[in-house]
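Taking it in order: structure first as structure tokens, then the write-up.
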Number of protein chains: 2
Amino acid sequence: MVKRTSFEGDACPIARSLDAIGDWWSLLIIREARFGLRRFGQFQNKLGMAKNILSARLRVLVDHGILATAPASDGSAYQEYVLTEKGRGTFPILVALRQWSEEFDDHPEEIATILVDREKGRPVKKLEMRAEDGRLLSPADTMLKPRPAPRRRSAAARSDR
Amino acid sequence: MVKRTSFEGDACPIARSLDAIGDWWSLLIIREARFGLRRFGQFQNKLGMAKNILSARLRVLVDHGILATAPASDGSAYQEYVLTEKGRGTFPILVALRQWSEEFDDHPEEIATILVDREKGRPVKKLEMRAEDGRLLSPADTMLKPRPAPRRRSAAARSDR
DNA sequence: GGCCTATGGTTTTATGATGCAACCACACAA
DNA sequence: TTGTGTGGTTGCATCATAAAACCATAGGCC
């Protein structure tokens with residue numbers, strides 16, 4: 001099969017997320033949904049993407065439990081697409097992407113918006129990774145550990161990362 | 001043209017990062033590079049991807065300044081691919097993806113590894129977003145502000161997010 | 001040197017995904 | 001009833017991806 005090599009069975013959590021939202025449009029749709037867009041036409045308008053692939057993406061996102069369809073709020077018999085808890089949980093991913101762009105983009109002056117603390121109106125700090133006890137961790141302070149086997153079932157399978 | 005709609009000119013920082021690393025393989029290549037892989041064959045072996053597209057991806061990543069080619073360390077006249085500072089800067093993105101998977105995946109028991117604090121061996125906390133003054137921020141505590149115009153040049157252009 | 005194998009790719013070819021335009025279905029208003 | 005706007009689906013041309021074959025170079029061995 002020449003298939004798009006799904007990472008669904010992969011043991012690596014990064015591959016698994018990419019399987020759900022690792023394509024060109026999904027994260028942008030989620031971004032707009034975070035801004036309150038709900039209707040097919042709103043997404044299509046804002047993102048300027050082809051309607052058929054928007055349709056396909058929405059369906060996949062609903063299948064993955066990232067969006068849910070609601071029976072329309074304004075009376076009209078159409079659907080609305082709203083973020084689920086899982087969908088809202090992508091927020092740190094979006095922030096990480098944004099901050100990476102802000103820090104390393106070759107033309108940061110072209111970036112139109114900055115993410116600020118609503119109360120003070122000041123830019124937020126870079127995402128921080130901390131240990132359980134609160135110590136700030138750098139990448140080098142971390143490592144990967146094999147998952148403690150979930151009780152029996154000899155975990156010999158794919159030892160992928 | 002039917003082209004892959006590049007987001008390069010877009011004003012949204014998320015779209016801009018997706019333009020560089022938003023495809024199926026790039027982040028996985030970066031992940032492996034973080035683990036110390038450097039050679040073409042190592043990537044090909046570990047990721048099991050077709051050699052031609054590995055070749056293409058590596059080239060794009062080098063073009064974007066995420067990887068750099070080094071003239072081989074073991075004598076052989078081949079190249080090695082090492083992460084640049086920009087490449088290492090993707091770490092929070094990888095962590096965010098990993099944590100999203102850990103939290104929302106339908107089959108979290110299939111995830112093989114956990115990210116731990118090297119010193120204590122305990123799982124790291126979820127990524128935290130803080131204000132300049134150190135307050136912990138939830139998504140709702142943040143908002144987007146238009147970028148303060150970088151001195152002259154009437155910023156009327158694409159007011160995309 | 002001649003032969004084998006490993007490494008690091010490029011080329012070829014088939015198929016899936018994307019983008020655009022056209023079309024259909026439904027609701028609502030004039 | 002005709003029009004108009006919304007919410008999609010269908011067809012088709014083009015692009016990207018995947019798999020395998022092919023090529024080039026280097027090193028080991030005789």
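Below, read A as the first sequence line, B as the second, and so on, with proteins coming before strands; counting in each chain starts at 1. Just so you know, these numbers use all the heavy atoms, side chains as well, and skip hydrogens, waters and symmetry mates.
- Residue whose closest nucleotide on DNA chain D sits further toward the 5' end, between B:G48 and A:G41: A:G41.
- Note: CE (A:M49) to P (C:dT18) measures 9 Å, nearest angstrom.
- Dashed line: the shortest gap from a side-chain N or O of B:W25 to OP1 or OP2 of D:dA18 is under 4.0 Å.
- Of the side-chain N and O atoms in B:Y81, one or more sit less than 4.0 angstrom from OP1 or OP2 of C:dG9.
- The interatomic distance linking B:F40 (CZ) with D:dA26 (P) rounds to 17 Å, in whole Å.
- Nucleotide C:dA17 holds its C1' atom 15 Å from the CG atom of A:L54, rounded to whole Å.
- Distance CG (B:N45) to C1' (C:dG8): 13 Å, rounded to an integer number of Å.
- Under a 4.0 Å N-O distance rule, the pair A:D23/A:R57 qualifies as a salt bridge.
- If you take OH of A:Y78 and P of C:dC26, they are 9 Å apart, rounded to a whole angstrom.
- Not a single donor-acceptor contact under 3.5 angstrom links the side-chain atoms of A:N52 to the base of D:dG7.
- Between A:Q42 and D:dG7, a side-chain N or O to OP1/OP2 separation shorter than 4.0 Å is absent.
- A salt bridge links A:E132 with B:R122: the distance from a Lys NZ or Arg NE/NH1/NH2 to an Asp or Glu carboxylate oxygen falls below 4.0 Å.
- One atom, CG of B:L47, and another, P of C:dG9, lie 15 Å apart when rounded to the nearest Å.
- At C:dT10, one or more side-chain N or O atoms of B:S55 fall inside 4.0 Å of OP1 or OP2 (strictly under the cut-off).
- Between B:K46 atom NZ and C:dT7 atom P there is a gap of 17 Å when expressed in whole angstrom units.
- Grouping the Ile, Leu, Val, Met, Phe, Trp and Tyr side chains by contacts below 4.5 angstrom, directly or via other members, places B:V116 apart from B:W100.
- Computed from coordinates, the B:Q44 CD to C:dG9 P distance equals 11 Å when rounded to whole Å.
- Of the side-chain N and O atoms in B:R59, one or more sit less than 4.0 angstrom from OP1 or OP2 of C:dT10.
- Between B:R135 and A:E119 there is a salt bridge, since at least one side-chain N of the basic residue sits less than 4.0 Å from a carboxylate O of the acidic one.
- An OP1 or OP2 oxygen of C:dT18 is reached within less than 4.0 angstrom by a side-chain nitrogen or oxygen of A:R57.
- For B:R39 and C:dT7, the shortest distance from a side-chain N or O to OP1 or OP2 is not below 4.0 Å.
- Judged purely by distance below 3.5 Å, without hydrogens or angles, the side chains of B:R59 and B:S55 pair a donor atom with an acceptor atom.
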